[in-house]
Colleague: 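Got a structure here, written out as structure tokens. Questions coming.
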Amino acid sequence: MPGVTVKADRKSPTGYTVTFVYRNPHATQVRLAGDLTLLDVDTGTTRYQPEEWQPGRYHAGGTEFLRDMTRDPKGNWSVSVPLHAGGLSYWYRVWDPTQGWENKRIWDPASTNPRPPGESSFRVRNNDVLDAVHVPYAKKQNDPVLKARADYELPVADRAKRGTVQYVPYTTILGDSGHYLGVYLPPNYDANRAEPYKVAYLAHGIFGDETDFMVPANVPNILDNMTARGEIEPTVVVTMGNHFTGTSLGFASYNQTNAANNLVQTILPLIESGYNVSTERSGRAYAGFSYGGMTGGVVIRNYPTTFAFYGHFSGNPSLTTQDYDTIANAVGDDDLTVFLGNGVFEGNLNAQNAIADNFRARGYAAATTQVPGAHDGMTAGQLFTIFARDHLWSGVDSVSVPVHVAYSGDPVHAPTAAVHQQLRVR
């Protein structure tokens, strides 16, 4: 049947083999593609195929994995590969003369991930669509980082404990219609709850859209798992597409100032009027990946009292000494938490540490970390896990939620430490 099947396999180097099936009787060629080549924390830039997995190697973007799929008489195209644990990004490339497709990049039509309708998103118009396959952890992988990824990024088994994702149409600050906001509502969301839900607004990278944090970064699954374990109070997430300056398909259609103004002046009032979410800075967070992380610098500089929590994933804010002082004067004695991180294959943390030091020097909480990954949504997901669990809503009055799971040496509940341990071991 079309779709993805994950099976335990003793012969697989990871303990699991994943079979991808795409049905298209009219296609003349189909390839499985994705962020599925491997990088090793020892060898750095050397790329390995999935069959070459061994401890210390991680699926990472930057080089497109391509593997020919085989057609059966009914028009089902399939291929099987071993994959390590976590939510992993993939797509298909299809040659179909009946649709005029030649090496057309598509997401898996068997996917159950909700998506906004139409062709208005920047990612779809740029033929850059992603999906995610979720692979469990096997003991033979012998990696606390991968165990943590499986525990957070795979869907919660109990469907009653899963939140919902919907896409809401809206008109941007520039008057452009036909755009969508992604909205994740936690399990058992109550529109009439006395205490409004805290809310995180998440921004994508330069070639992304409002689906980035929902699909390749696996944020709904991550929050479902955290909420089920009582590691975070139920939280609403809002994602937005930031390519809305006209019809351009280039970089200029993502303008950081427009994106920041659109977020604060248009999106916040819309969400706060339609959902039971916090209107206080202590109940709001902003985080972004790559260009979205850079946009966070514009947000905090122009609207310093709007959000109390900032996450910059593989994209740093650009702030001057005067900017830091102006932010500190505006925030005053209120709490401010800033988290910065990247993938180990992206380079060192020198820039992130310098930014964190500037915030610490002014009395605010700041932290940095690395995860095993490259510049892709899988790295964004790992960083979001740490940001949400270890930093979001800390020091803020919370509603009643289950008791937090205590950390007692289990790396599943300490990914930051687990990553550092993994890199020391290697």
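Residues: numbered from 1 along the sequence shown. The analysis underlying the following values was restricted to heavy atoms, covering all of them including side chains, and did not include hydrogens, waters or symmetry mates.
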Colleague: With distance as the sole test, does H59 use its side chain to make a donor-acceptor pair with the main-chain N or O of L36 at under 3.5 Å?
Modeller: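 Judged by distance alone, yes, a pair lies under 3.5 Å.
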Colleague: Compare every heavy atom of G205 with every heavy atom of H243, then report the nearest pair and how far apart it is.
Modeller: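 H243 and G205 have their closest heavy atoms at NE2-O, 4.4 Å.
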Colleague: For T306 and Y286, does a side-chain donor sit closer than 3.5 Å to a side-chain acceptor?
Modeller: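 No pair is found: no donor N or O on one side chain lies under 3.5 Å from an acceptor on the other.
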Colleague: When rounded to the nearest 0.5 angstrom, what is the spacing between CG in L349 and CG in N342?
Modeller: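 Taking CG in L349 and CG in N342, the distance rounds to 5.0 Å.
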Colleague: Quick check: closest heavy atoms across P82 and P50, and the distance to 0.1 Å?
Modeller: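 In this case the closest contact between P82 and P50 is O-CB, 3.2 Å.
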Colleague: State, to 0.1 Å, how close Y197 and V236 come at their nearest heavy-atom pair, and which atoms those are.
Modeller: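 Looks like CB-CG2, 3.8 Å.
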Colleague: Taking atom types as modelled, is there a side-chain donor on Y180 or Q166 under 3.5 Å from an acceptor on the other?
Modeller: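 Side chains of Y180 and Q166: no pair found under 3.5 Å.
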Colleague: Any non-hydrogen side-chain atom of M226 less than 4.5 Å from a side-chain atom of T385?
Modeller: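 M226 vs T385: side chains touch.
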Colleague: To the closest 0.5 Å, what do you measure between CD (Q382) and CG (D376)?
Modeller: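 Between Q382 CD and D376 CG, I get 8.5 Å after rounding to 0.5 Å.
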Colleague: Would the distance check show the side chain of N142 and the main-chain N or O of K140 forming a donor-acceptor pair, the cut-off being under 3.5 Å?
Modeller: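 It does not hold such a pair.
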Colleague: Starting at NE2 of H179, measure out to CG of N262 and round the result to the nearest 0.5 Å.
Modeller: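 Between H179 NE2 and N262 CG, I get 9.0 Å after rounding to 0.5 Å.
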Colleague: Taking C-beta and beyond as the side chain, do F244 and Y254 meet within less than 4.5 Å on heavy atoms?
Modeller: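 When only atoms from C-beta onward are counted, Y254 and F244 do not touch, as no gap falls below 4.5 Å.
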Colleague: If you measure only the distance, is there a donor-acceptor pair under 3.5 Å linking the side chains of Q256 and Y291?
Modeller: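 There is such a pair between these side chains.
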Colleague: Walk me through whether D224 and T227 qualify under side chain to side chain donor-acceptor pair (under 3.5 Å).
Modeller: CA-CA 5 Å; D224 286 349; T227 305; 5.8 Å; no
Colleague: Given 3.5 Å as the limit, does a donor-acceptor pair link the side chain of S273 with the main chain of L270, or not?
Modeller: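 Checked: pair present.
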Colleague: Apply the test side-chain contact (heavy atoms from CB on, under 4.5 Å) to residues T17 and K7: give CA-CA distance (whole Å), side-chain angles for both, the deciding distance (0.1 Å), then the verdict.
Modeller: CA-CA 5 Å; T17 293; K7 288 187 176 182; 5.6 Å; no
Colleague: Decide yes or no for D108 and Y90: does some side-chain heavy atom of the first lie under 4.5 Å from some side-chain heavy atom of the second?
Modeller: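 D108 vs Y90: side chains touch.
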Colleague: Against the six-membered ring of W107, is R115 placed for a cation-pi contact (under 6.0 Å from the centre, within 45° of the normal)?
Modeller: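 Output yes; distance and angle both within limits.
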Colleague: What are the two closest non-hydrogen atoms of A138 and Y16, and how far apart are they?
Modeller: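 Minimum heavy-atom separation between A138 and Y16: CB-CE1, 3.8 Å.
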Colleague: Between the side chains of D334 and Y364, does any donor sit under 3.5 Å from an acceptor?
Modeller: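 Result is no, nothing qualifies.
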Colleague: Checking D143 against Y58: is there a side-chain donor and acceptor pair closer than 3.5 Å?
Modeller: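 Yes.
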Colleague: More than 12 heavy atoms of other residues, nucleotides or ligands under 6.0 Å from CG of N188: yes or no?
Modeller: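 No, the 6.0 Å shell around CG holds no more than 12 heavy atoms from other groups.
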Colleague: What's the verdict on side-chain contact (heavy atoms from CB on, under 4.5 Å) for R93 and V30, showing C-alpha distance, side-chain angles and the deciding distance?
Modeller: CA-CA 6 Å; R93 288 194 172 274; V30 180; over 6 Å; no
Colleague: State yes or no: are the ring centers of Y310 and F339 separated by less than 6.0 Å?
Modeller: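 No, ring centres 6.0 Å or more apart.
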Colleague: Would you say the side chains of N225 and D151 form a donor-acceptor pair under 3.5 Å?
Modeller: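 No, because no side-chain N or O of N225 sits under 3.5 Å from a partner of the opposite role on D151.
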Colleague: If you compare all heavy atoms of F289 against all heavy atoms of A380, which two are closest, and at what distance to 0.1 Å?
Modeller: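 In this case the closest contact between F289 and A380 is CD1-CB, 3.7 Å.
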Colleague: Cation-pi between R389 and F387: NZ/CZ under 6.0 Å from ring centre and within 45° of the ring axis?
Modeller: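 Pair R389/F387 does not count as cation-pi.
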Colleague: Please say which of T14, V6, L38, V18 ends up in a side-chain contact (heavy atoms from CB on, under 4.5 Å) with L83.
Modeller: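 Filter result, single survivor: V18.
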Colleague: Start with the C-alpha gap between V371 and E346, add the side-chain angles, then the distance that decides, and say whether side-chain contact (heavy atoms from CB on, under 4.5 Å) holds.
Modeller: CA-CA 10 Å; V371 297; E346 296 185 87; over 6 Å; no
Colleague: Run the side-chain contact (heavy atoms from CB on, under 4.5 Å) test on L181 and M240 for me, step by step, so that the C-alpha distance in whole Å, both residues' side-chain angles and the decisive distance to 0.1 Å come before the verdict.
Modeller: CA-CA 5 Å; L181 300 175; M240 69 294 298; 3.6 Å; yes
Colleague: Any luck finding a side-chain donor-acceptor pair between N353 and T368 under 3.5 Å?
Modeller: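 T368 and N353 do have a side-chain donor-acceptor pair below 3.5 Å.
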Colleague: Within the 3.5 Å criterion, strictly below it, is a donor on Y303 or N261 matched to an acceptor on the partner's side chain?
Modeller: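 Distance-only check passes for Y303 and N261.
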Colleague: For the pair R281 and D335, find out whether any cationic side-chain nitrogen is under 4.0 Å from an anionic carboxylate oxygen.
Modeller: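 No.
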Colleague: Do NZ/NE/NH1/NH2 and the carboxylate oxygens of R284 and E272 come within less than 4.0 Å?
Modeller: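 A salt bridge is present here (some side-chain N lies under 4.0 Å from a carboxylate O).
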Colleague: Between T239 and E210 (side chain of the first, backbone of the second, donor and acceptor by atom type, cut-off under 3.5 Å), is there such a pair?
Modeller: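 Yes, T239 side chain to E210 backbone: donor-acceptor pair under 3.5 Å.
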Colleague: Would you mind reporting whether I327 and I300 have side-chain heavy atoms less than 4.5 Å apart?
Modeller: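 When only atoms from C-beta onward are counted, I327 and I300 do touch, with a gap below 4.5 Å.
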Colleague: What's the spacing between Y22 OH and S78 OG if we round to 0.5 Å?
Modeller: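 Answer for the OH-OG pair, Y22 versus S78, is 13.5 Å.
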Colleague: Does a side-chain heavy-atom distance below 4.5 Å link D176 with T171?
Modeller: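 SC-SC contact between D176 and T171 ruled out.
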Colleague: If we count only N and O atoms by modelled type, under 3.5 Å, do the side chains of W393 and T235 hold a donor and an acceptor together?
Modeller: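 Yes, T235 and W393 have a side-chain donor paired with an acceptor closer than 3.5 Å.
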Colleague: Anything under 30° is parallel, anything over 60° is perpendicular, the rest tilted; go ahead and classify H84 against W53.
Modeller: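 Perpendicular.
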Colleague: Contact between M1 and V21 at the side-chain level, heavy atoms closer than 4.5 Å - yes or no?
Modeller: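 A side-chain contact is absent here, since even the closest heavy-atom pair is not under 4.5 Å.
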Colleague: Counting distance only, does the side-chain N/O of R362 pair as donor-acceptor with the main-chain N or O of N358 below 3.5 Å?
Modeller: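 Side chain of R362 to backbone of N358: a pair is present.
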Colleague: May I ask you to establish whether R57 and Y48 are in a cation-pi arrangement, using a distance under 6.0 Å from NZ or CZ to the six-membered ring centre and at most 45° from the ring axis?
Modeller: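 Yes, a cation-pi geometry.
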Colleague: Please report the interatomic distance OG1(T337) to CG(D390), rounded to the nearest 0.5 Å.
Modeller: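 Nearest 0.5 Å value for the OG1-CG distance: 12.0 Å.
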Colleague: Identify the two heavy atoms, one from A259 and one from N242, that lie closest to each other, and give their separation to 0.1 Å.
Modeller: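 Heavy atoms of A259 and N242 come nearest at CB-OD1, 3.7 Å.
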Colleague: We want to know whether Q99 and D96 form a side-chain donor-acceptor pair, criterion being a heavy-atom distance below 3.5 angstrom.
Modeller: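 Note: Q99 and D96 side chains meet the donor-acceptor criterion.
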Colleague: Could you check whether N329 and T326, counting side-chain N and O atoms only, form a donor-acceptor pair closer than 3.5 Å?
Modeller: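 Per modelled atom types, T326 and N329 side chains form no pair under 3.5 Å.
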Colleague: Considering only heavy atoms from C-beta outward, does the side chain of Q370 approach that of F345 to under 4.5 Å?
Modeller: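 Result no, sub-4.5 Å side-chain heavy-atom pair not found.
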Colleague: Is a salt bridge present between R229 and E231, judged by a nitrogen-to-oxygen distance below 4.0 Å?
Modeller: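 Yes.
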Colleague: Would you give the length of the straight line joining atom CD1 of I355 to atom CG of L319, rounded to the nearest 0.5 angstrom?
Modeller: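 It is 7.0 Å, given to the nearest 0.5 Å.
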Colleague: Given side chains that start at C-beta, do those of L88 and R149 come closer than 4.5 Å, heavy atoms only?
Modeller: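 L88 reaches R149 side chain to side chain.
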Colleague: Establish, from distance only, whether the side-chain atoms of R47 and T37 form a donor-acceptor pair under 3.5 Å.
Modeller: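 T37 and R47 do have a side-chain donor-acceptor pair below 3.5 Å.
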Colleague: Strictly by modelled atom types, are S111 and D131 linked by a side-chain donor-acceptor pair under 3.5 Å?
Modeller: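 Yes.
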